[in-house]
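Below: the structure, in structure tokens.
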Amino acid sequence: MQTVFTRVNTLVYCMSGGRIGGTYAGSPILLLDHVGRKSGQSRTTPLCYLEDGEDLVIVGSRSGSDATPAWWLNLQAAPRTRVQVGKQQRDVVACQASPEEKARLWPKLVAMSPDFAVYQERTTRDIPVILLSPAV
């Protein structure tokens, strides 16, 4: 079911330039491109994000699952990628926030989407905060 929703949301987002599917529960959505580290297949995942200066901040919560999201494993293997925010596409490089960066960003992320706090309570896994910085 999640896969069908993701595909439909991605298609509608692309067709509308983010006017439809560009927010979820008040949080902005971006489309993250990544390549399967095992399959080599191109994939696109819609994710909530927070702007932090030039960086976009995403969270590897997987709704509080003990498993790491596949898109994050894919980005660890190939951190240079592209995102779409509305109609704009950007080349970015993904890296995990340092503990200090996460401590600064986590309250902002939870204020944007209180579900993140609930997800962290569901798992013993340290949910990663990922910075998508402009590629140079």
Side-chain angles (χ1 to χ4, degrees):
M1 187 64 164
Q2 179 74 19
T3 303
V4 172
F5 173 77
T6 298
R7 287 182 184 160
V8 169
N9 188 69
T10 299
L11 179 64
V12 171
Y13 188 110
C14 286
M15 290 175 52
S16 71
R19 287 189 324 270
I20 302 171
T23 60
Y24 176 76
S27 298
I29 300 290
L30 59 73
L31 298 181
L32 173 74
D33 292 339
H34 51 102
V35 176
R37 68 199 179 288
K38 295 178 183 176
S39 69
Q41 292 183 348
S42 295
R43 304 182 187 286
T44 301
T45 303
L47 296 167
C48 297
Y49 74 94
L50 175 74
E51 290 189 52
D52 184 53
E54 291 187 333
D55 295 339
L56 302 173
V57 182
I58 56 177
V59 178
S61 65
R62 196 170 180 192
S63 299
S65 167
D66 288 333
T68 301
W71 60 260
W72 176 225
L73 297 172
N74 294 340
L75 287 180
Q76 288 175 309
R80 289 186 66 91
T81 192
R82 178 169 276 204
V83 296
Q84 181 174 339
V85 177
K87 293 180 181 178
Q88 181 187 45
Q89 294 192 0
R90 307 180 196 185
D91 291 323
V92 296
V93 179
C95 72
Q96 187 165 349
S98 69
E100 295 80 18
E101 289 169 320
K102 182 176 179 179
R104 177 179 66 81
L105 293 167
W106 190 253
K108 295 177 185 182
L109 290 161
V110 170
M112 176 186 76
S113 179
D115 287 343
F116 288 138
V118 173
Y119 298 158
Q120 185 59 78
E121 290 175 8
R122 286 184 189 162
T123 183
T124 56
R125 176 174 65 89
D126 182 34
I127 292 177
V129 171
I130 296 100
L131 305 176
L132 302 174
S133 302
V136 268

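Remember, it's a predicted structure, so these values are computed and weren't measured experimentally. Residue numbers run from 1 in the order of the sequence given.
- Atom-to-atom distance recorded for Cys14:SG and Lys87:NZ is 13.0 Å, nearest 0.5 angstrom.
- Residues that satisfy the side chain to side chain contact (heavy atoms under 4.5 Å, CB included) test with Cys95, not counting sequence neighbours, are Leu131.
- The two residues Trp106 and Phe116 make their nearest non-hydrogen contact at CZ2-O, 3.6 Å.
- The hydrophobic clustering, which links ILVMFWY residues whose side-chain heavy atoms are closer than 4.5 Å, places Tyr49 and Leu31 apart.
- Under the 4.5 Å side-chain heavy-atom criterion for ILVMFWY residues, no single connected hydrophobic cluster contains both Leu105 and Leu75.
- Of the inter-residue distances, the one linking Glu51 atom CD with Met112 atom CE reads 10.5 Å to the nearest 0.5 angstrom.
- Considering every non-hydrogen atom in both Ser113 and Ser27, the closest pair reads CB-OG, 3.8 Å.
- Shown here are the side-chain hydrogen bond (donor to acceptor under 3.5 Å, both in side chains) partners of Arg125, two or more places apart in sequence or in another chain: there are none.
- Atom OG of Ser42 sits about 12.0 Å away from atom CZ of Arg82, to the nearest 0.5 Å.
- The closest side-chain heavy-atom distance from Gln84 to Leu32 is not below 4.5 Å.
- For the side chain to side chain donor-acceptor pair (under 3.5 Å) with His34, the qualifying choice from Thr81, Thr44, Asn74 is Asn74, the only one to do so.
- Here the shortest heavy-atom pairing between Arg37 and Ala77 reads CB-CB, 3.9 Å.
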Decide yes or no on side-chain contact (heavy atoms from CB on, under 4.5 Å) for Val92 and Arg80, but give the supporting numbers first.
CA-CA 6 Å; Val92 296; Arg80 289 186 66 91; over 6 Å; no
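- By the 4.5 Å heavy-atom criterion applied to side chains, Val59 and Pro128 are not counted as neighbours.
- The side-chain heavy atoms of Asp52 and Arg104, taken from C-beta on, include a pair separated by under 4.5 Å.
- What you find for Leu30 and Tyr13 is that their closest heavy atoms are CA-OH, 3.9 Å.
- A pairwise comparison of heavy atoms in Thr10 and Pro46 identifies OG1-CD, 3.7 Å as the closest pair.
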Applying side-chain contact (heavy atoms from CB on, under 4.5 Å), run through Trp71 and Leu47 and close with a yes or a no.
CA-CA 10 Å; Trp71 60 260; Leu47 296 167; 3.8 Å; yes
side-chain contact (heavy atoms from CB on, under 4.5 Å) between Gln96 and Trp72, intermediate numbers included
CA-CA 9 Å; Gln96 187 165 349; Trp72 176 225; 3.7 Å; yes
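- For the side chain to side chain contact (heavy atoms under 4.5 Å, CB included) with Leu132, the lone residue among Ile58, Asp91, Val85 that qualifies is Ile58.
- Val129 has its side chain out of reach of Glu101: every pair of non-hydrogen atoms, C-beta onward, lies at least 4.5 Å apart.
- Summarising the geometry, atom OG1 belonging to Thr45 is positioned 11.5 Å from atom CD1 belonging to Ile29; distances are rounded to the nearest 0.5 Å.
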Do Leu56 and Arg90 pass the side-chain contact (heavy atoms from CB on, under 4.5 Å) test, and can you show the C-alpha distance, the side-chain angles, and the key distance before you say yes or no?
CA-CA 10 Å; Leu56 302 173; Arg90 307 180 196 185; 3.6 Å; yes
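- Following chains of ILVMFWY side-chain contacts shorter than 4.5 Å, one cannot reach Val83 starting from Val93, and the two form parts of different hydrophobic clusters.
- Distance CD1/Ile130 to NZ/Lys102: 9.0 Å, rounded to 0.5 Å.
- Remark: Glu54 CD is loosely packed, at most 12 non-hydrogen atoms of other residues, nucleotides or ligands lying under 6.0 Å away.
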